[in-house]
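Before any comments, here is the structure.
The residues of the chain are indexed from 1 along the displayed sequence.
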Amino acid sequence: MSQVQFSLATKSIAATIGFSLLVLLNGCVGSIDADYDKLGLVSVSGAVTLDGQPLPNAVVKFESSDGTFCYGQTNASGVYTLKLNSEKMGVIPGEKIVRISTTASTGEEEGQAGEEDPDAKASAQAKKELVPDCYHKKSKLTATVTTSDSSFNFDLKSDCSVTGRT
C-alpha cells in the first residue's frame, strides 16, 4: 500500500471513529427537560429610576448567595420583569443582592449580534455606565423574594444616598 493510500485510509478511520463518538455522546446526553414547577418560581417585576427619572435599558439582576441570578432589562419607562433564563420567567424565592447596570448584558442580545458584527460589540463596549458602582459592582441593594412580595421598585440616586428599595 502506498503512503497516499495509507494516509487516506487513516483519515477515513479517524473520521469514522470521531463520528461514532459524537453519535454516542449525543445519545448519552439526551435532551434536558427542566421541571420548573419544583423551583417555586415567583413572578418579579418593578421599576427603576435614577434621580427620579425612569432608567431605560438597564439590566437588573437578582443574585443569590451561590452566584446564580435572574435577570431582566428595563424598558423606556424603567419597568422590568425578571427571568430565570431565556426560556422561563420568574425568580427562585429567597434573599438576593440586586445589581443594576446600564452596561451589563443579559447575554441574550449577544446571541443575536454574534461574532459577525464587530460594530455591535464595539458599540456595547463604548456604552457609558449611568449607574453608580454602589448599585452594581459594590451593590448594597437587597431584596427578599417571597410569594407575597414580588414587586420591587428602586429609586437610585447619583450620590448613592438611597441604598434600598422604595
Next item on the list: Return the set of residues passing side chain to side chain contact (heavy atoms under 4.5 Å, CB included) with Ser148 (not counting sequence neighbours), or none when no residue passes.
Entry: Thr146
Notebook entry, point to check: Using a distance-only test with no angle check, is there a side-chain donor-acceptor pair under 3.5 angstrom linking Lys96 and Ser64?
Noted result: yes
Next item on the list: Drop me the distance from Leu156's CG to Leu130's CG, to the nearest 0.5 angstrom.
Entry: 11.0 Å
Notebook entry, point to check: Is it true that the side chains of Ser65 and Glu95 contain a donor and an acceptor less than 3.5 Å apart?
Noted result: no
Item checked: Asp51 (side chain) donor-acceptor with Ser158 (main chain) under 3.5 angstrom -> yes
Item checked: Nearest atoms (heavy-atom pairs only) where Ile100 meets Val131 -> O-CG1, 3.3 Å
Item checked: Interatomic distance, Ile97 atom CD1 to Thr142 atom OG1 [nearest 0.5 angstrom] -> 8.5 Å
Note to self: Please report the interatomic distance OG(Ser45) to CE(Met89), rounded to the nearest 0.5 Å.
What the structure shows: 9.0 Å
Note to self: Can a donor-acceptor pair be found, under 3.5 Å and without considering hydrogens, that links the side chain of Ser139 to the backbone of Leu141?
What the structure shows: yes
Notebook entry, point to check: Just by modelled atom types, is the Lys128 backbone N or O under 3.5 Å from a matching donor or acceptor in the Thr103 side chain?
Noted result: no
Notebook entry, point to check: Parallel, tilted or perpendicular for Phe154 and Phe62, by the 30°/60° rule?
Noted result: perpendicular
Next item on the list: Enter the distance from His136:NE2 to Thr102:OG1 here, rounded to the nearest 0.5 Å.
Entry: 7.0 Å
Check: Can you tell me how far the CG atom of Asn85 sits from the OG1 atom of Thr106, to the nearest 0.5 Å?
Finding: 12.0 Å
Next item on the list: Over all heavy atoms of both residues, which pair between Leu41 and Lys88 is shortest? Give the atoms and the distance, please.
Entry: CD1-CG, 3.5 Å
Next item on the list: Evaluate the side-chain proximity of Phe152 to Leu82: yes if any heavy-atom separation is below 4.5 Å, no if none is.
Entry: no
Checklist line | Heavy-atom closest contact (Pro54 atom, Gly78 atom, distance) | finding: CB-N, 4.0 Å
Check: Between the side chain of Asn75 and the main-chain N/O of Val79, is any donor-acceptor distance below 3.5 Å?
Finding: yes
Next item on the list: Could you pull out the closest heavy-atom pair between Pro56 and Ala76, with the gap in Å?
Entry: CB-CA, 3.8 Å
Checklist line | Verdict with supporting geometry, Val44 and Thr81, side chain to side chain contact (heavy atoms under 4.5 Å, CB included) | finding: CA-CA 6 Å; Val44 171; Thr81 301; over 6 Å; no
Notebook entry, point to check: Tell me, do Thr49 and Leu55 make a side-chain contact under 4.5 Å, heavy atoms counted?
Noted result: no
Notebook entry, point to check: Which heavy atom in Ser43 sits nearest to a heavy atom in Ser150, and how many Å separate them?
Noted result: O-CB, 3.0 Å
Check: Of the non-hydrogen atoms in Cys160 and Pro132, which two are nearest, and what is the gap between them?
Finding: SG-CB, 3.6 Å
Note to self: Main chain of Ala47, side chain of Asn153: is a donor-acceptor contact present, judged purely on distance under 3.5 Å?
What the structure shows: yes
Notebook entry, point to check: Does Phe69 have any side chain to side chain contact (heavy atoms under 4.5 Å, CB included) partners at least two apart in sequence or in another chain, and if so, which?
Noted result: Lys61, Glu63, Tyr71
Notebook entry, point to check: Would you call Asp149 and Thr144 a side-chain contact if the rule is heavy atoms closer than 4.5 Å?
Noted result: no
Notebook entry, point to check: What is the distance from atom CD of Glu129 to atom OG of Ser101, rounded to the nearest 0.5 Å?
Noted result: 3.5 Å
